Amino acid sequence: MINPKLLRSDLDFVADNLAKRGYVLDKNKLRLLEVSRKELQIKVEQLRQQRNKISKSIGKNKGKGLDISEIKKDVDNVSASLINEESKLKQVNENLDRLTQDLPNLLHESVPQGKDDSSNKLHTEWGSPKTFSFDPLDHVELAEGLGLIDLEGASKLSGSRFAVLRNDLAMLHRALAQFMIDIHTLEHGYEEMYLPYLVNSQTLFGTGQLPKFKQDLFFVDGEKDLALIPTAEVPLTNLLRDKIVKAENLPMKLVAHTPCFRSEAGSYGKDTRGMIRQHQFDKVELVQIVKPEDSYNALDELLSHAEIILRKLNLPYRVVTLCSGDTGFSASKTFDIEVWLPSQNCFREISSCSNCEDFQSRRIKARWKNLEMQKPELVHTLNGSGVAVGRALIAILENYQNEDGTITIPDILRPYMKNREIISTN
RNA sequence: GGAGAGAUGGCUGAGUGGCUGAAAGCGCUCCCCUGCUAAGGGAGUAUACAUUAAUAGUGUAUCGAGGGUUCGAAUCCCUCUCUCUCCGCCA
């Protein structure tokens, strides 16, 4: 959520910033609501004060054995108008909440201007796209050729956008997740977490999935208020909800391997082939909770942690800074890592690393105790994929394919693959 | 699934209708004392919002959440959530 104080003190600044995303803020509506909110709130608080005072005097007079019937008449009058004003205030506050909860985060000044992903700016590049002496196959052809994927089976079980992996491919998938977690815990100082895959709507509100993006989620049918997580960022970040963290415990660095579930509403016809865009995919997620002044250094660090995974796997990639129109709802600034896919002859997103500044922490009231100020302040939250397991699997199949349709296992994964060097039909 | 107990400030824990934003202890901050260490003495110490130049005052709200009773609720009533104990069941 955007700082409500800023929203009041400098509405034009907020509106201009949001306009960079293409978000049109109804300034007049907001101003009008704010004016009546203020008016009503002052009125309500004054009435409450009166009522409290009179009630206290009733207590005192009663104690002395005095008559209280006159005072009771006074309090009845006050209560009547209080109830009236309170209901008006409630209305206004509801309207105001609905408006402000739907506002995306303010963008960092370094975010490039642009409408959509075509304006994303190249940040860095690593490795060079591999050239093949033969026509490289795509991951579906490779996996089917080796008999390691069962898309028919998956659609029988669950419909489109699911996959069944078999044998060595299932093992490779598991190896990738294990490898990534090991690097982040052993070399980057993250604490490994095991998390619920179902969370309640308060949790989803906290990280910004609700109320605006309900249609992207899978809710459980029934009396329980639960939805499948679209990313481990949701449970990880919400662990800090209503907490005041000691300064010496920052930064907090958390990593979790979870499946992620997305309805992919609105992406009909997009990436329908293979495993690129699925309703269910695995991801190793990194979350950092930091002091505000550290958050942009932390973003660089988080990004480098995700990059190292691809370097160790020797997969060519590039990093782009998302432009204003492409940056997600909760983020102030986002870097995407895109891995090279030979079959598509282009880079595809495999990680997204964001600094949400205090946008999420305000929603979840995640604070730290600033020793100099002697006051709790909001922390900054960051998250990034380190990296998407399903897409890493695709990248390995395609980049490590041989002319005979076999797959060479990357050196670094061999210890996780019973020290084998190759995936073939034998 | 059955039976019972509980949820109070950073933590532990008192508090069954007004004098309680909340005893006490721990922790933390500051000061004093003590030639080190250990110990002792004193003061302070919730959050949000509104008003304000103000992190000065003042006011409002908050004792798991939401409703209700009452002039007045941490305290009484209802609903929900969660935690713990015992029994059953189960991976």
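Bear in mind that the values here come from a model prediction, so they are computed numbers and not experimental data. The chains referred to below are lettered A, B, ... by the order of the sequence lines, with proteins before strands, and numbering in each begins at 1.
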Distance check, [atom1] atoms only: [N] and [M], in whole angstrom units.
N	M	atom1	answer
B:rC78	B:rU70	C1'	16 Å
B:rU45	B:rG21	C1'	14 Å
B:rC33	B:rC84	C1'	47 Å
B:rU75	B:rU85	C1'	26 Å
B:rG27	B:rU79	C1'	38 Å
B:rG25	B:rA14	P	15 Å
B:rA46	B:rU29	P	15 Å
B:rC77	B:rU83	C1'	23 Å

Counting only Watson-Crick pairs (N1-N3 plus N6-O4 or O6-N4) and G-U wobbles (N1-O2, O6-N3), all under 3.5 Å, who is the partner of [N]?
N	value
B:rG4	B:rC84
B:rU60	B:rA48
B:rU75	none
B:rU55	none
B:rA43	B:rU29
B:rG21	none
B:rA38	none
B:rC89	none

Query raised in the report: With no angle test and no hydrogens, is the base of B:rG59 tied to the side chain of A:Glu45 by a donor-acceptor pair under 3.5 Å?
Result: yes
Mind calculating the distance between [atom1] ([X]) and [atom2] ([N]) to the nearest angstrom?
X	N	atom1	atom2	value
A:Leu89	B:rU60	CG	P	16 Å
A:Asn200	B:rG66	CG	C1'	16 Å
A:Gln41	B:rU60	CD	C1'	8 Å
A:Arg37	B:rU60	CZ	P	17 Å
A:Ile71	B:rG18	CD1	P	18 Å
A:Lys365	B:rU62	NZ	C1'	11 Å
A:Leu96	B:rA50	CG	P	11 Å
A:Lys369	B:rG27	NZ	P	16 Å

**Report entry** N-O pairing of A:Arg161 and A:Glu264 below 4.0 Å
**Finding:** no
Query raised in the report: Charged N to carboxylate O under 4.0 angstrom, A:Asp411 versus A:Arg414?
Result: yes
Query raised in the report: In terms of side-chain heavy atoms of A:Arg48, which of B:rU60, B:rU51, B:rC71 is nearest?
Result: B:rU60
Query raised in the report: Looking at the side chain of A:Gln49, which of B:rA50, B:rU60, B:rC71 is the nearest nucleotide?
Result: B:rU60
Report summary line: Sorted by position of nearest nucleotide on RNA chain B, 5' first, the leading residue of A:Ile244 and A:Ile58 is A:Ile244
Requested in this report: For A:Pro376 and for A:Glu34, find the nucleotide of RNA chain B with the closest heavy atom, then tell me which residue's nucleotide is more 5'.
Outcome: A:Pro376
Are [X] and [N] close enough that a side-chain N or O sits under 4.0 Å from OP1 or OP2?
X	N	answer
A:Asn52	B:rU60	yes
A:Asn61	B:rC71	no
A:Arg51	B:rA61	yes
A:Lys43	B:rU60	no

**Report entry** A:Gln113 atom CD, neighbour heavy-atom count above 12 within 6.0 Å
**Finding:** yes
Requested in this report: Measure the acute angle between the ring planes of A:Phe218 and A:His279, then classify it against the limits of 30° and 60° as parallel, tilted or perpendicular.
Outcome: perpendicular
Report task. Report yes or no: is the cationic atom of A:Lys214 (NZ for Lys, CZ for Arg) closer than 6.0 Å to the six-membered ring centre of A:Phe219, at no more than 45° off its axis? Result -> yes
Report task. Kindly indicate whether a cation-pi arrangement holds for A:Arg363 with A:Phe205, taking the cut-offs as under 6.0 Å to the six-membered ring centre and within 45° of the axis. Result -> yes
Query raised in the report: Looking for any heavy atom pair under 4.0 Å, which part of the strands does A:Arg367 touch: base, sugar-phosphate only, or nothing?
Result: sugar-phosphate
Report task. Using the ring-ring contact (aromatic ring centres under 6.0 Å, His included) rule, take A:Tyr197 and A:Phe261 through it: C-alpha gap first, then chi angles, then the decisive distance, then the call. Result -> CA-CA 9 Å; A:Tyr197 304 153; A:Phe261 303 90; 7.2 Å; no
Report summary line: side chain to side chain donor-acceptor pair (under 3.5 Å) with A:Tyr190: of A:Gln288, A:His184, A:Lys253, only one passes, and it is A:Gln288
